[in-house]
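Data first, discussion second: the structure below is written as structure tokens.
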There are 2 protein chains.
Amino acid sequence: MKECCEMKGFLSFIVLKLISKGNMSGDEIREELKSRRGSKPSPGTIYPVLKSLSQSGFIEEVKSPGKAKKYRLTKKGKKEIAAATKKFCEIFYDMEDDFHKCCR
Amino acid sequence: MKECCEMKGFLSFIVLKLISKGNMSGDEIREELKSRRGSKPSPGTIYPVLKSLSQSGFIEEVKSPGKAKKYRLTKKGKKEIAAATKKFCEIFYDMEDDFHKCCR
DNA sequence: ATATTAGTATCGTATATCCGATATTGGATT
DNA sequence: AATCCAATATCGGATATACGATACTAATAT
């Protein structure tokens, strides 16, 4: 099924972005992504991303007793998301207009 | 070289977006992308994308005599970019704040 | 203690993405 | 017409992305 604009390749960016706004568990992230893009990423998609972000030192585990494990940004992760956000804006700067037009 | 947020996977989206704002040639697109994301996509990157968008019926050639071949959106392409833009906004809706903060 | 279950983790794989290198084309210059 | 050159096109391959299926784990319920 050949699609044109599938928005693939930004998962780790979005995941990092989400965590930057508040600690989240893998499952919470899956739910949030479901509401944003329609489909819920499979476990085999999201956990490897979290692992990779962890190994890169961008996020770290937060274990609350009796609750699902969450992740929070590290200092390094904050730098990373700041840089990535800047890059995002440089690439997509003219999408700002579309936000106004197309999304309420 | 493990990078976190490489912004890969959006090339066909951006290309379609660019063409939607005015007919462009492959080389013009390469130049525009260079200024946006820093690196200039190689020929082996951009022309297959244009071919693919063509085959999908989203763009078509415009041959001005004595000028480089350009592409323009088809009707189908207009629908596609509208839908893709909507999707983009739904996925990245909260990036609007970042546009204000981070880019001038 | 055992069973259950939600959440997490891993594995193998199909596909997409993008690249560098190389070939080809068409218009302009001579 | 022959040459040159910028633009376009193609090829093979490395890497990344995301998936479904399956396995594990820890907390709770029975």
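Numbered from 1 within each chain, the chains take letters A, B, ... in sequence-line order.
- As a whole-Å value, the separation of Tyr47(A) OH from dG12(C) P is 20 Å.
- The one candidate from Phe99(A), Phe92(A), Phe10(A) that meets the ring-ring contact (aromatic ring centres under 6.0 Å, His included) condition with Phe92(B) is Phe10(A).
- The separation between Phe10(A) atom CZ and dT17(C) atom P is 12 Å, rounded to whole Å.
- Candidate nucleotides dA9(C), dT8(D), dT10(C) were compared by shortest atom distance to the side chain of Asp27(B), and dT8(D) ranks first.
- Residue Gly9(A) is classed as a sugar-phosphate contact, given heavy-atom separations below 4.0 Å to backbone atoms only.
- Note on Leu11(A): only backbone sugar-phosphate atoms sit closer than 4.0 angstrom, heavy atoms only; bases stay farther off.
- Within the 4.0 Å cut-off from OP1 or OP2 of dC19(D), at least one side-chain nitrogen or oxygen of Thr45(A) is found.
- As judged by a 4.0 angstrom heavy-atom cut-off over every strand, Ser25(B) is placed among residues touching the sugar-phosphate backbone only.
- Contact check, Lys51(B) against dT10(D): a side-chain N or O comes under 4.0 Å of OP1 or OP2.
- Gly26(A) comes within contact range of the sugar-phosphate backbone alone, with a heavy-atom separation under 4.0 Å but no base atom that close.
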**Study point:** salt bridge (Lys or Arg N to Asp or Glu O under 4.0 Å) evaluation trace for Glu90(A) with Arg36(B)
**Key:** CA-CA 6 Å; Glu90(A) 284 168 359; Arg36(B) 288 195 185 216; over 6 Å; no
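- To the nearest angstrom, C1' of dA9(C) lies 11 Å from CD of Glu61(A).
- Here dA16(C) presents its C1' atom at 9 Å from CD of Glu6(A), a figure rounded to the nearest Å.
- Between dA9(D) and Lys69(B), a contact under 4.0 Å exists linking OP1 or OP2 to a side-chain N or O.
- Rounded to a whole Å, the CD atom of Glu28(B) is 16 Å from the P atom of dA6(D).
- Going from atom CZ of Arg30(A) over to atom P of dG7(C) covers 10 Å, rounded to whole Å.
- Heavy-atom nearest nucleotides on DNA chain C were determined for Lys8(A) and for Leu50(A), and the one closer to the 5' end corresponds to Leu50(A).
- For Leu33(B) and dC19(C), the CG to C1' distance is 15 Å, given to the nearest whole Å.
- Residue Ile46(A) contributes atom CD1, which lies 17 Å from atom C1' of dA6(C) at whole-angstrom precision.
- Of the residues listed (Lys87(A), Lys17(A), Lys86(A)), the one engaging Asp98(B) in a salt bridge (Lys or Arg N to Asp or Glu O under 4.0 Å) is Lys17(A), and it is the only one.
- Partner of Lys70(B) under the salt bridge (Lys or Arg N to Asp or Glu O under 4.0 Å) criterion, out of Glu28(B), Glu61(B), Glu60(B): Glu28(B) alone.
- Summarising the geometry of Leu53(A) relative to Ser12(A), their closest heavy-atom pair is CD1-O, 4.2 Å, with the distance given to 0.1 Å.
- Using a 4.0 Å heavy-atom cutoff across all strands shown, Pro41(A) reaches sugar-phosphate atoms only and no base atom.
- Here the side chain of Ser42(B) is nearest to one of dA9(C), dA9(D), dG20(C), namely dG20(C).
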